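Report on one structure; see the data block that follows.
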Amino acid sequence: MKKIYTLICVLAFTLVACEKEQKPTNELETKVSDLLSKMTLDEKIGQLNLRGTSSRVKGKLPDSLKQAVRDGKIGAFLNVTNTEYVDELQRIAVEESPNKIPLIFARDVIHGYKTIFPIPLGMAASWDTQVAKNSSRVAAVEASSFGIRWTFAPMLDIARDSRWGRIAESPGEDPFLASTLTKAYVEGFQGDSLNDPTSMIACAKHFIGYGAAIGGRDYNTAIISDAQLHNIYLPPFKSAVQAGSQTFMTSFNEMNGIPASGDRRMLTEVLREDFGFDGFVVSDWDSVKEMIPHGYAEDLKHAAELSLNAGLNMEMTSKAFEKHTKELLKEGRITEDQINSLVADILRVKLRMGLFEKPYRVDKSDNLYADAHLQMAKEAAIKSSVLLKNDNNVLPLTAGKKIAVIGPLADKPREQLGTWTFDGDGKYTKTPINAFQNNNVNYNFVEGLSYSRDKSTKDFSKAIAAAKQSDVIVFIGGEEAILSGEAHSRANINLPGAQEELIKELAKTGKPIVLVIMAGRPITVTNILDDVDAILMTWHPGTMGGPAIHDMIFGIAEPSGRLPVTWPKVAGQLPLFYNHKNTGRPVIPEEFVQMDSIPIGAWQSSLGNTSHYLDIGYLPQYPFGYGLSYTTFAYSNQTLSSNTISENNDITVKVTVKNTGAREGNEIVQLYVQDVVGRITRPVRELKGYQKVTIKPNEEKELTFTLSLEDLKYYDNNEEYGVEKGDFKVWIGQNAAAGLTTKFRYE
Ligand code: NOJ
């Protein structure tokens, strides 16, 4: 079954590709083989070599590096940000190296280059493919001006544990949402044509299972069944191949005992044979070498052998390929054909990028922080912000109110940019305080805490005094940028430092509190939930976070994001995700018996506490897909075109959504399905569709979703793909815990 499916995929892919690019593809392959036939073994090995420099290193370009390029020993660079060096290295490559093969310059351009957009987890909260595409297009236009034509993005690791620092860079917990955004990111980075000088080739990373790190500890082991792999972790990567992503990056972690950079099954069978990928795969930083401490490779030579045989094309920073490929060839542990094929993948991409004809960067630096870019970044910050709580409609604030702005992140230009923003310049960042100033808001700013981890209470009295003289408190806190991202996991994900303490003191003034959170992950707010009236999650909102927050607070714009991850009450609930299984004793939220109400000396019984934790229950703080708006919506009339679905009979599901409030609002209408009985157990719900709509007060809109049998198919642990006859439930609603239900059958 799997083989047939694979064959169909490969055939379909080939047909589509050939139909589109029959001639160029053949020409391309001829050029690749012509080049290969002229290259020495040293040059071939050179193409497999991605030389890294630290982002912080400044200073002169070493002669040894120039010589290595002249000798054709380097195929690509990462982190060369000085444009003179970029130009000089490229000049040497295309004028002085044996076959004049151009270099590619790479960089982690993750959510913007100069103009920084919200962190990827925030972008995912927008559920907006146009916004995602704009962000990656802007990033490509700005970065390519510096010669960067390869970005290490998008990061596609499904993440179900908010302790993991890199959840900030992820598309969240849902494979369907992630897959739709993937396509948009890839299209935005790569542009309309790969050989356009503003096209930046994408890199789908980290392949694979990095987000499943045990306990949310970075770089840790992932144990993933084949069914989970195919149903949860692989779909965004498959979407990246379909969208034409030219490169992939392996991950640091091992999955089921095999480190990703040595995983032949994943790199060759799944990625190339099943998905039809024909670009190249780069390792993560030193991840080839790291197979030694993983306990998978004996030494560097063995690591090179494992990676080359797995089908890894390019090695980032460690030098296993450079040092050992020749020896491995001599000893017959790899073949020259294998090397040729690995090099061919890289040359193919370089040719597609048009680097042989136009190797040099086109300076478009007048575009940096262009007005249009800033406006798109602002729109993204608004569309990704999630309104989590809004008691008594405290938001939006009416103009003229006297505001006490308090909190460690109200005026921190660098912090609001978030992780992976080496190139974003704090001096262009607009903080909330800048925006309040520019808009003549009647505010008084007292930080109270000077950074997010600050535990000092010395300025509390000043903050409280300011609060007392105000009508409302806007507390802007959260996490500094450095508290999320790579190797920055946290075991406790409350507001750090003395922020909770300060909020509790401010609450004593009796003034309403609007809590604006800037953070790289969901922040557990159980301790202060009752002390604040509104919570606006802005993630790390980027360069234009300030104006976006200003507009949302005053109702000039509406925060219209929805959670791309389940928001826990406490970190002890993690990992937590909506698309879990039912178990043999499905949870009944109402049956929760909190431990303080268990009689002392109680006789042993389960008390109905199935998946509940005795102290906190089962429910998250906010479910996946959740988010309020400044109006309200009512859902009605969910109807199906038929009660049965079959191979040739798709069904449509309709629903009417009415704006029942007083202002125009944006809604993200979500469709979930449950396959009630499967050949392996199925999740309680799975997102299968969503639509964004803007609805005027009192207006109703009828929305139509189509479901085909293909949407219901899934993989089991034998890698069989399909769906069996039986009952399905379908919900359309505002989040993963809501919605109207109807049923249908596959017959
Ligand atoms: C390590 C990270 O895991 C990866 O995402 C990044 O692209 C590389 N370093 C290069 O900076």
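Worth saying up front: this structure is predicted, and the values here are computed from it rather than measured. Counting starts at 1 for both ligands and their atoms, in listed order.
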#### Entry: Presence of salt bridge, D87 and R361, under 4.0 angstrom
yes
Let me check something: any side-chain donor-acceptor pairs from residues 255-262 under 3.5 Å, sequence neighbours excluded? List them with distances.
residue : atom : partner : partner atom : Å
N256    : OD1  : I224    : N            : 2.8
N256    : ND2  : I224    : O            : 2.7
S261    : OG   : T250    : OG1          : 2.8
S261    : OG   : S287    : OG           : 2.7

### Query
Would you say the side-chain atoms of E415 and Y451 include a donor-acceptor pair closer than 3.5 Å?
no
### Query
Strictly under 6.0 Å, is that where the ring centroids of F117 and W420 end up?
no
### Side-chain ion pair, D345 and R272, N-O less than 4.0 Å
yes
### Task
Taking only heavy atoms of K205 into account, list the atoms of ligand 1 that are under 4.0 Å away from them.
4 (C), 5 (O), 6 (C), 7 (O)
### Query
So which protein heavy atom does atom 10 (C) of ligand 1 come closest to, and at what separation?
D108 OD2, 3.2 Å
### Query
Which ligand 1 atoms are under 4.0 Å away from a heavy-atom of H206?
3 (O), 4 (C), 5 (O)
### Query
Nearest to atom 9 (N) of ligand 1, what protein heavy atom do you find, and at what distance?
D284 OD1, 3.3 Å
### Query
Is R166 touching ligand 1 with its side chain, its backbone, both, or neither, if touching means heavy atoms under 4.0 Å apart?
side chain
### Task
Could you tell me whether K319 sits above the aromatic face of W285, with NZ or CZ closer than 6.0 angstrom to the six-membered ring centre and within 45 degrees of the axis?
no
#### Entry: W285-ligand 1 polar pair, N/O distance under 3.5 Å
no
### Message
Side chain, backbone, both or neither: which applies to M249 and ligand 1 if a contact is any heavy-atom pair less than 4.0 Å apart?
### Response
side chain
